[in-house]
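I have placed the structure first, in the form of structure tokens, so that the comments after it can refer back to it.
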Amino acid sequence: DDAPQSKPRSTPNVLITGTPGTGKTTTAEMVAMATGLKKITVGDLVKERTLHDGYNEEFDTYWLNEDKVVDEMEDMLADGGVCVDYHTCDFFPKRWFDLVVVLRATTDKVFDRLTERGYKQNKISENIESEIMQVVLDEARESYDEEIIMELPSNTVDEMEDNVEKITAFVEQFRQARQ
Ligand code: DAT
């Protein structure tokens, strides 16, 4: 929905999205440390607060209840200052976010990271295909204004550090502009 905000945020909400294994949670943690933004890993929230409709055995994942997730997060994001990470981005209200980061990684990186995580073969294949087809990037482009989308490579530690610097710079500029 496009409900207007009651007052402009003085500190931004940042969404970090991308295929599983692209580095969202690690990046979000580093951004939270560097900026003082609060981190919400939506996958953890869904489990902890049962914002799902049971377990999908085939893909080893929960059936997301998008309405419950949005209801639960609305107050948390109302005043800004939150860094959210999740592997889809099309069901959040557009007005929540000031910056949408889409992390990208090569097939070998996604494969290695998801293998390490112990994902089943079908889940690894699905995610690799999704990354090759840039599903999350297209989803971001359909859901948010192009000007707020930042597509960043996340293959190496150096790239991750660069990404954290870029996001941190955005947060600082946003805060200065709204002082
Ligand atoms: P996601 O939250 O997107 O699923 P993650 O942050 O849990 O990804 O990262 C998965 C693993 O890959 C984790 O062990 C950290 C590592 N990793 C992620 N991004 C990386 C990068 N840019 N360079 C090196 N390692 C990375």
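Just the heavy atoms: all of them, side chains too, but no hydrogens, waters or symmetry mates, feed the values below. First listed ligand is number 1; within each ligand, the first listed atom is number 1.
- Counting heavy atoms closer than 4.0 Å to ligand 1, residue N155 contributes backbone atoms (N, CA, C, O) but none from C-beta onward.
- The protein heavy atom nearest to atom 23 (N) of ligand 1 is T156 C, 3.0 Å.
- Within the listing of ligand 1, atoms 4 (O) sit less than 4.0 angstrom from a heavy atom of P20.
- Other residues, nucleotides and ligands contribute only 12 or fewer heavy atoms inside 6.0 Å of the CD atom of E129.
- Proximity to V157 (heavy-atom distance under 4.0 Å) selects the following atoms of ligand 1: 23 (N), 24 (C).
- Ligand 1 is approached by G21 to a heavy-atom distance shorter than 4.0 Å.
- Side-chain N or O atoms of S130 include none that pairs as donor or acceptor with a backbone N or O of E126 at under 3.5 Å.
- Looking only at protein heavy atoms, the nearest one to atom 8 (O) of ligand 1 is G23 N, 3.1 Å.
- Only side-chain heavy atoms of R113 come within less than 4.0 Å of ligand 1; its backbone N, CA, C and O stay farther off.
- Remark: ligand 1 and M160 share no N or O pair separated by less than 3.5 Å (distance only, no angle test).
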If you apply the rule side chain to side chain contact (heavy atoms under 4.5 Å, CB included), what do you find for Y62 with T50, and how did you get there? CA-CA 9 Å; Y62 289 97; T50 328; over 6 Å; no
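- Both the backbone and the side chain of T22 come within contact range of ligand 1, each with a heavy atom under 4.0 Å.
- Checking each of H87, M150, K39, K24 against I16 for a side-chain contact (heavy atoms from CB on, under 4.5 Å) leaves exactly one that passes, namely K24.
- With hydrogens and angles ignored, the 3.5 Å screen pairs a side-chain donor or acceptor of R113 with a backbone N or O of G21.
- An N or O contact shorter than 3.5 Å links R117 to ligand 1 by distance.
- Remark: side-chain polar atoms of T35 are paired, donor with acceptor, to backbone N or O of L37 under 3.5 angstrom.
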Chi angles and distances behind the side chain to side chain contact (heavy atoms under 4.5 Å, CB included) call for M76, L45: CA-CA 12 Å; M76 300 172 149; L45 193 76; 4.0 Å; yes
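- A donor-acceptor pair is defined here as one N or O able to donate and one able to accept, closer than 3.5 Å; no such pair exists between the side chain of S154 and the backbone of G23.
- There is no protein heavy atom less than 4.0 angstrom from atom 14 (O) of ligand 1.
- In this structure, of D85, T41, T26, the residue bringing a heavy atom nearest to atom 6 (O) of ligand 1 is T26.
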